[in-house]
Amino acid sequence: MGRYLLHKVVGILISLVVIVSLVWVALRLAPGDPVIVIVGEGTGTMSAETIDRIRDQYGLNDPLLVQYLRFMGNLFRGDLGSSFGNKQLVTVNLARTWPYTFRLAVLATLISVAFGVPAGLIAATRRNSALDNIVTGVSLGGISMPFFVTALFLMYVFAFKLRWFPVSGAQGWRSVVLPALSLGIVSAAAISRFTRALLIEVLGMDYIRTARAKGLPELRVLVRHALRNAMIPLVTVVGVQFGLLMSGSVITESVFSWPGLGRMMVTAILQRDYQLVQGATILFAATISIVNMIVDILYGFLDPRIRA
Amino acid sequence: MLSKKVAVVLSSTLVILLVLAAQCGAPATPQTIVEKVIETVVVEKEGEKVIETVVVEKTVEVTKVVEKVVEVTPEPAEPTTLRVGLVGSIKNLDPHESVGLSETIWTYIFEGLGEVDENGVAQPSLAESWEYLDPTHIQFNLRKGVTFHDGTPWNAQEAVKSINRMINPDSPGPDVNYYQAVTSAEVVDDSTILVTLSHPDPIVLQAMSVSFFVMTPADRAETLATDPVGTGPWKFAEWVPDQYVRLARNDDWWGSPKPAVDFLEFRFFEEETTRLLALQAGEIDVAFNVSPTAVDMVVDDPNLTLIKQPTPRILIIDLNVKNPPTDDPRVRHAISLAIDTETMVNEIAGESAVPITVFYAPFYPEYFDAGFIEYDPQQAEALLEEAGWVDTNGDGIREKDGQPLKLTWMVAEARDPYNRDMPVAAQEMLAAVGFDVEIVFTEMATIRSASLEPDPGPYNLFGMRGFSNQTFDPIHALLQFQEENASPKTAGGETRYTTPEVDGWIKDYLASTDAAEKSELLKKIQLKLYEDMPAIPLYNAARYSVISNNVVDFVDHPNEWYTYRFNPIGVSR
């Protein structure tokens, strides 16, 4: 296990360096730079000479290779630099937004599993019944509905009409409910469809017939034998969904004015805030890698064959 | 089937979850707190409204009742907060480094020597008065006893340091060119400064009174971006990025009217729809600078009032006079003639915009018809034929020497509300006379980079280009035609057009103090621009605000971004 982990961690570090280098290059390929953005916001004009002088101050006129090596050097010393926009350290910016995204992602994942798995289970055990058709239909609708439509619908009903939750913002626990629901519902739909498909396959297996033949109660057959075997692919799907949610859900965060990573990232890209985009990319890549690693470890607990 | 059992178990779990969810979201049930002292105070809490009922029980111990009443009265009233919703977010609150949405906020924290009033005239603010010693020297007599919010005194030394910070060409401040005539400032005595100009500039006082020509403490220059300290009626209190900025009333402020509420809170929204729903739900009191396309959503709400404010902001299309085929004035005239500006603006923008025929708003007395608005597609086609552009292969697009008549149009989509609809409408009108128009929707950073590229530059049309005009002088949008402002020498002179005549007339205008002469110059400049056609004026924009009916004494200001001090604006709850 220790060796396995070491192997994984080294792999993650290498892919982080590759990813952040790619993002570094992509950012420089995009037209404009942070100085130009500041000029763009103004209503007047600014002379090319002035722009050049300011670029000098930020080291943006150095050869690209020099800039890249400087960036990598700082990175290995753990220095992600400061945001051009608010001049605060990138780490400070990330530490501020990350908890919001984390809270939203955890709650949305819980909601999606709590609704998705039972719904899939019901649909699978009552295949082709009216109940199955309802679950399948609703989840198809849930997947097909664009995020912002679900979000606006929930906002209109629960925040505007019923006034149960605030329309937007992030003050108090109430404000996380609607964004989490709107994300959770969509994932729940995907998870229920996936669970249904998996269970239908598993329920056709020989060992299920054996279990039934032994006279085990159906609930036990379902939970102990069927669901447990369907778990591994399911954990992968849930893990991937969680990893994606952790890199910030731009649309949901925007609609609900939720101050998470996704919203920060979009602004940072538009403002050509190089340091902040790079820092956030490292965080995203690291989160997804770590979530994947945890999923791998979970397999071991779920499936004794992998543990061995 | 045993699965029935499963279904029952599972559905009951679902029901429990739903009930839990519903419980979580249940509205705050009316709480009744009964406090028995001598009198009974019943406080009913219902949403935002607090109804307080004080029932004094008549007992024998009368003295004690009085004692208690005295104790209750001095309890401070609930602090009042005016909540303003803004769409977008900010990164920086340093007034010399940020504009746009940041300006909407820091304008309440900082003050300048003067401020431009609603008629476009500079009025004293931190300077009590000023006088011209000669056409290039202005003496400012400063207000005494002013302090920054941190307690440090503001005086002539501080004022000079601030001015030097603003006129420093290396400062990344976006709008240095407003006060380009200011070359230096020096201390005369503790409350007098002398400002030297490079040349006589009749609008320099307005320029030195714009919202971003403000006084900042020199020793805090590095931290102003996140901890702004000024002299204004509001003190910076708290900033939770992407959520809100909170300002507190400055009780030591010298001016009037004093702020009517204790706190001014700016909340950030990413979506207009969300902001307006929050306004309707009572989470904010004012939605400022509302997109005219969303106004319909709230217009029927009896609890809200829609306010329309004319502004000097105009939008124009820049034509690149260096890049073929728009290097040919006949092609540029054909473009202008092929676009039915009047119909386009009226159909798309409705009441929120007025078509314009020159490069400033119709409310200026110097407004006249310079010819730009003329719509004549036949004439456009004739001009194109004359320039040698003929559709030889019958595909609807004209050709010349085997090259199609192709235009590249760069548009900063997010800047103004119709930056998608209008270019798309114009694209069709241009296609009708044989142009092939490719619209590139992008953001300002890309456009400013393109504007710095050497001639001819990678675009033919650029716009919708907006000019907010804080000095209120009609010359504002014409300054881009000054020789030193043309791209690629600057970012922002996208037409790349210069002629000695226009350049000279603009300089004459800036130096003149004779109203009749200035009006004549404006006319000459724009008739020459019509002849050379480096840009097409489109419309003058109004700004909308939506306020909740509990907001009292709302005043607006004809400036693009900020309302004229929130001071007198109160809120009743």
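Throughout, protein chains are lettered first and strands after them, A, B, ... in sequence-line order, and every chain is numbered starting at 1.
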Expected list for residues 129-136 of chain A: side-chain donor-acceptor pairs under 3.5 angstrom, two or more places apart:
unit_1: A:S129; atom_1: OG; unit_2: A:R126; atom_2: O; d: 2.7
unit_1: A:S129; atom_1: OG; unit_2: A:L131; atom_2: N; d: 3.3
unit_1: A:S129; atom_1: OG; unit_2: A:D132; atom_2: N; d: 3.2
unit_1: A:D132; atom_1: OD1; unit_2: A:T136; atom_2: OG1; d: 3.0
unit_1: A:D132; atom_1: OD1; unit_2: A:R196; atom_2: NE; d: 2.8
unit_1: A:D132; atom_1: OD2; unit_2: A:N128; atom_2: N; d: 2.8
unit_1: A:D132; atom_1: OD2; unit_2: A:R196; atom_2: NH2; d: 2.9
unit_1: A:T136; atom_1: OG1; unit_2: A:D132; atom_2: O; d: 2.5

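- B:S89 touches chain A through its side chain: at least one heavy atom from C-beta onward sits under 4.5 Å away, while N, CA, C and O do not.
- Taking all atoms of both residues into account, the shortest heavy-atom contact from B:P241 to A:P259 is O-CB, 3.9 Å.
- The CD atom of A:Q88 sits 9.5 Å away from atom NZ of B:K91, with the distance rounded to the nearest 0.5 Å.
- Listed by chain and number, the residues in a ring-ring contact (aromatic ring centres under 6.0 Å, His included) with B:Y244 amount to none (sequence neighbours excluded).
- A distance-only check finds a donor-acceptor pair linking the side chain of B:E283 to the backbone of A:V167 [under 3.5 Å].
- Nearest heavy-atom pair across A:R263 and B:F269 is NH2-C, 4.4 Å.
- Between the OG1 atom in B:T274 and the CZ atom in A:F160 there is a gap of 12.5 Å [rounded to 0.5 Å].
- Proximity to chain B involves both the backbone and the side chain of A:S168, based on heavy atoms less than 4.5 angstrom apart.
- Rounding to the nearest 0.5 Å places CG of B:N92 at 9.0 Å from OG of A:S83.
- Only the side chain of A:L152 has a heavy atom closer than 4.5 Å to any heavy atom of chain B.
- When the shell of 6.0 Å around CZ of A:R28 is examined, it contains more than 12 heavy atoms from other residues, nucleotides or ligands.
- The structure places CG of B:L277 at 8.0 Å from OH of A:Y156, a figure rounded to the nearest 0.5 Å.
- Interface remark: B:T226 contributes side-chain atoms only to the contact with chain A (heavy atom separation under 4.5 Å).
- Of all heavy-atom pairs between B:Q280 and A:R163, the closest is O-NH2, 3.4 Å.
- The shortest heavy-atom contact between A:V255 and B:E271 is CA-CG, 3.7 Å.
- Neither the backbone nor the side chain of A:F148 comes within contact range of chain B, judged by heavy atoms closer than 4.5 Å.
- Interatomic distance, B:D242 CG to A:T97 OG1, rounded to the nearest 0.5 Å: 8.0 Å.
- Residues A:I251 and B:E270 have side chains not in contact (no heavy-atom distance under 4.5 Å, counting atoms from C-beta outward).
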